[in-house]
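Worksheet for the structure shown next.
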Amino acid sequence: EAGVTQFPSHSVIEKGQTVTLRCDPISGHDNLYWYRRVMGKEIKFLLHFVKESKQDESGMPNNRFLAERTGGTYSTLKVQPAELEDSGVYFCASSQTTMFADRNEAFFGQGTRLTVV
Amino acid sequence: AQTVTQSQPEMSVQEAETVTLSCTYDTSENNYYLFWYKQPPSRQMILVIRQEAYKQQNATENRFSVNFQKAAKSFSLKISDSQLGDTAMYFCAFMKHFPDSNYQLIWGAGTKLIIKP
């Protein structure tokens, strides 16, 4: 079974440009989460989708960030325009259900390392 | 607000030794979950072990075990018979318990563990 995959693995862009990150969750996982780790700091929650709906977007830093999950499958996270402080690693995770059963867990992708110069 | 603290930015031990990674957290919640995640150089985050706060028994997964001290709000990870493949960033994470969790994890800053041959 394929895991959570993220594209690209690494992106270097100039300040002011636009970048779109993509996450393909595990097939059948309704829940999709975005996190990011700014260098030297803790990983922070960005938002949570249940299917195509945004369940919680309280962690989105500002309106330069736009996340979508059309059709409830893959998700994109667009940063427009990118700023220097957006540099970091963006993680995506998916889980089958939000009900916290004993063995439920979220599976993570490898992350996208974004560098804004 | 919940916080998670990992006081050891980096550790290194010889192969086959036992190593303990520390994690403390702060919360006013009574029911919650604690996790240790591992991010090897390949960068995919993997769940190592989890602990439900209402369970007194410490969780174990093969060579990985935790020392969960609820009153002290401490959640350390012990790796026995360490192997080269254990080299990774280790993150401690906290999650509140809901009937319908949104899986919003609160993360520590991470500990870089290096296993030397």
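Below, chains carry the letters A, B, ... as their sequence lines are ordered, and counting in each starts from 1.
- Using a 4.5 Å cut-off between heavy atoms, B:Gln39 contacts chain A through its side chain alone, with no backbone atom that close.
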For A:Tyr35 and A:Tyr90: C-alpha separation, side-chain torsions, deciding distance, then whether ring-ring contact (aromatic ring centres under 6.0 Å, His included) applies.
CA-CA 6 Å; A:Tyr35 291 84; A:Tyr90 289 76; over 10 Å; no
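- Applying a 4.5 Å heavy-atom cutoff, none of the residues of residues 62-88 of chain B approach chain A.
- By the 4.5 Å heavy-atom criterion applied to side chains, B:Phe35 and B:Leu47 are counted as neighbours.
- Contacts from residues 4-17 of chain A to chain B, taken as heavy-atom pairs separated by less than 4.5 Å, involve A:Val4, A:Ser9 in sequence order.
- Counting heavy atoms from C-beta on, the side chains of B:Lys96 and B:Phe94 come closer than 4.5 Å.
- Side-chain contact between A:Lys44 and A:Val38: absent, with no pair of heavy atoms (C-beta onward) separated by less than 4.5 Å.
- No donor-acceptor pair under 3.5 Å is formed between the side chain of A:Thr18 and the backbone N or O of A:Pro81.
- Using a 4.5 Å heavy-atom threshold, the side chains of A:Arg69 and A:Pro25 count as touching.
- Annotation: side chain of A:Phe65 is in contact with side chain of A:Arg36 (closest heavy-atom distance under 4.5 Å).
- By the 4.5 Å heavy-atom criterion applied to side chains, A:Ile26 and A:Gln96 are not counted as neighbours.
- Checked against the 6.0 Å centroid criterion, the rings of B:Phe91 and B:Tyr37 do not qualify as a close aromatic pair.
- The parts of A:Arg113 that come within reach of chain B are both its backbone and its side chain, each placing non-hydrogen atoms under 4.5 angstrom from that chain.
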Distance-only donor-acceptor hits, side chain of residues 70-79 of chain A, under 3.5 Å, sequence neighbours excluded:
{"unit_1": "A:Ser75", "atom_1": "OG", "unit_2": "A:Trp34", "atom_2": "NE1", "d": "3.0"}
{"unit_1": "A:Ser75", "atom_1": "OG", "unit_2": "A:Glu68", "atom_2": "O", "d": "2.9"}

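- For A:Phe107, no part lies under 4.5 angstrom from a heavy atom of chain B.
- For B:Lys112, the NZ atom is loosely surrounded, since the number of other residues' heavy atoms within 6.0 Å does not exceed 12.
- Residues A:Tyr33 and A:Leu46 have side chains not in contact (no heavy-atom distance under 4.5 Å, counting atoms from C-beta outward).
- The environment of B:Gln56 atom CD is sparse: at most 12 non-hydrogen atoms of other residues, nucleotides or ligands sit within 6.0 angstrom.
- Of all residues spanning residues 15-27 of chain B, none has a heavy atom less than 4.5 Å away from chain A's heavy atoms.
- Under the 4.5 Å side-chain contact rule for hydrophobic residues, A:Ile43 and B:Trp36 do not share a cluster.
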